[in-house]
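Notes follow the structure.
Residue numbers begin at 1 in each chain, while the letters A, B, ... track the order of the sequences.
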Amino acid sequence: MKDHNHILHNVDSDGIDRRGFLKCMAWAGTGVLWTVSGGVLVSKTLAQITKAGSLPAVTDLSFLQISDSHIGFSKDANKDVTETFRIALDRINAMPTQPAFLLHTGDISQLSKPEEFDTFDQVLKSCKTKDVFYVPGEHDVINDGGKLFRDRYLKSVEGKGSGWYSFNKNGVHFIGLVNVLNLQAGGLGQLGDEQLEWLEDDVKGLSAETPIVVFAHIPLWAVYPKWGWGTDDSERALGYLKRFGSLTVLNGHIHQVLRKVEGNVTFHTAMSTAFPQPEPGKGPNPGPLKVPAEKLRSMLGLTSVQYKQGKSALAVIDSNLS
Amino acid sequence: MITPTPGIKTTALLCAISLLNFSLFALAGEMKDGTIAKQNRIEIKDFAFDPQKITVKSGEKITWINRDGEPHTVVSVGKKFQRSPGLDTDQEFSITAGAPGTYEYFCSVHPKMTGTIVVEK
Ligand SMILES: [Cu+2]
C-alpha cells in the first residue's frame with residue numbers, strides 16, 4: 001500500500017500522514033460512529049452524538065446499508081424477523097436526513113422462497129427511501145442460481161453475468177459484486193474470472209481520486225475462513241482497486257460489525273436485521289446466536305455512510321435497533 | 001476397501017445415528033435371509049456432514065437430514081447425482097446410490113461443508 005500513500009497526501013487537506021495510524025483492526029461496538037478523517041480514526045457512540053446535538057454535518061451524499069434480513073427465519077434466535085426488519089425501516093424513516101438510497105447486502109430471504117421475497121417487498125414499501133441497490137446472499141440463490149433474485153431485484157440496474165454492476169452517485173463510484181454463486185466444494189465466497197475481468201475494465205478509466213464503494217455479501221477479506229467468512233479471489237479484486245485513494249468495502253454475511261482499516265482501504269461488515277451470529281471462532285459453528293430477548297435488538301442494526309466531496313474518507317455509522 | 005459383514009455394518013450404523021432417534025430401529029427392515037437392511041443416514045449438524053464419508057452398495061438409499069437451524073444443501077461435485085433443494089431444519093433428502101464409484105458432494109450454501117459417498121457393487 002505504501003506506493004499509494006501519495007494519493008492520500010494529495011487528497012487530505014490537512015496533510016496528516018496516515019501511515020501508522022490506520023493499520024489497525026478494531027472490534028466496533030454497536031451504535032458507534034467511526035470517522036476516518038485527516039488520518040485520525042475517531043469514534044463516538046451514537047448516544048454521545050445525539051446528546052451533543054452534533055450529528056455529522058449534512059454532506060453531499062449519505063446512504064444506508066441494511067443486510068441479512070433472512071425473511072422466513074423463525075427459529076429461537078428471532079421468532080419475528082419481519083418485525084425487526086420493519087423496525088429497521090422505521091429507524092431509517094425517522095432519520096433527520098433521509099439517505100439517498102439503500103444498499104442491501106444480501107440474504108433478503110432465508111430459503112430463496114418467492115413468498116419470503118414477497119414479504120420483504122411488502123414491508124419495504126413502508127420505507128420513505130425508494131431507491132434500493134441489491135447484491136445477493138447465498139440464502140437468496142439456493143435453488144436456481146439466482147434467477148429469481150435477479151428478476152426481482154436487479155431490474156433497475158444493468159446487471160452483468162450473474163448480477164454484478166456499477167453506478168455513480170455524486171462523484172462516488174459504487175460497485176455491487178456477486179460472491180455467492182458457483183461456489184466450489186471446500187472453498188469460500190468466489191467472484192470468478194468473468195466478474196474480475198469486468199471489474200478491471202469497469203474501473204480502468206477512473207481517476208485515482210474517485211472514491212470507490214464496493215459492496216458484496218460475503219466479506220472481501222479473510223475474516224475467518226474456517227467458517228467460510230472470506231472470498232477466495234478477493235485479493236485479485238482489491239489489486240484492481242488499490243490505486244484509488246479512498247476505497248470502502250461494505251459486506252454483510254457475518255451479522256456483526258467488524259472493521260479493518262488498511263492504508264486507504266476500509267473494510268466494514270454490517271449487523272443483520274434478523275439475528276446475530278457468534279464472534280469469529282467463538283462457538284461450535286457460525287449459525288444463529290440466541291441471546292436473551294432483551295438483548296436481541298442491541299445486536300441488530302444498520303449502517304449509515306456519509307461522503308463529503310473533497311474529503312477522501314467516508315464516515316461509517318453503525319446503529320442498533322434497541 | 002474391505003467390505004464389512006452385515007453385522008459390522010449394523011453396528012456402524014447404530015454408532016452413526018447414536019441414540020438420537022430410536023425410531024430408526026423400526027425403519028431397519030429385516031431381510032429374508034435374516035440380515036438387517038442398512039439405513040444410510042447422514043446427519044447434517046454443526047455445519048458438517050456426519051458421517052463425513054459413507055460407504056454404500058449400489059441400489060441402496062442414502063438419506064440426509066438437516067439438524068441445524070441453518071439451511072443446507074447436498075450438491076454433487078461435477079453434477080453426478082441430483083442435488084437437493086435447500087433443506088430447512090429437520091428436512092430430509094434421499095437419493096438411491098447408482099453406479100459404483102466415489103462421489104464427492106458439498107453444501108452450496110456453505111461450501112466448506114464437504115462429504116464423500118463410496119458406492120460399491
Ligand atoms: Cu450448509
### Message
Please classify the contact of B/V109 with chain A as side chain, backbone, both or neither, using a heavy-atom distance under 4.5 Å.
### Response
both
### chain B contact via A/L181 - which portion, at a heavy-atom distance below 4.5 Å
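When you check distances to chain B, no heavy atom of A/L181 falls under 4.5 Å.
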### chain B contact via A/L111 - side chain, backbone, both or neither, heavy atoms under 4.5 Å
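When you check distances to chain B, only side chain atoms of A/L111 fall under 4.5 Å.
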### Message
Suppose we screen for ring pair (Phe, Tyr, Trp, His ring centres under 6.0 Å). Which residues come up paired with A/Y153, at least two apart in sequence or across chains?
### Response
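A/Y153: ring pair (Phe, Tyr, Trp, His ring centres under 6.0 Å) contacts with A/F117, A/Y134, A/F149.
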### Query
Of the non-hydrogen atoms in B/P111 and A/G187, which two are nearest, and what is the gap between them?
CG-O, 3.3 Å
### Query
What's the shortest heavy-atom distance between B/G69 and A/P288, and which atoms?
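Closest heavy-atom pair between B/G69 and A/P288: O-CG, 4.5 Å.
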Using only distance, no hydrogens or angles, which N or O donor-acceptor pairs sit under 3.5 Å between chain A and chain B?
{"from": "A/K75", "atom 1": "NZ", "to": "B/D88", "atom 2": "OD1", "distance (Å)": "3.1"}
{"from": "A/K75", "atom 1": "NZ", "to": "B/T89", "atom 2": "OG1", "distance (Å)": "3.1"}
{"from": "A/H139", "atom 1": "NE2", "to": "B/E70", "atom 2": "OE2", "distance (Å)": "2.8"}
{"from": "A/I142", "atom 1": "O", "to": "B/R83", "atom 2": "NH1", "distance (Å)": "3.3"}
{"from": "A/I142", "atom 1": "O", "to": "B/R83", "atom 2": "NH2", "distance (Å)": "2.9"}
{"from": "A/N143", "atom 1": "OD1", "to": "B/G86", "atom 2": "N", "distance (Å)": "3.0"}
{"from": "A/G186", "atom 1": "N", "to": "B/P111", "atom 2": "O", "distance (Å)": "2.6"}
{"from": "A/N285", "atom 1": "ND2", "to": "B/D46", "atom 2": "OD1", "distance (Å)": "2.6"}

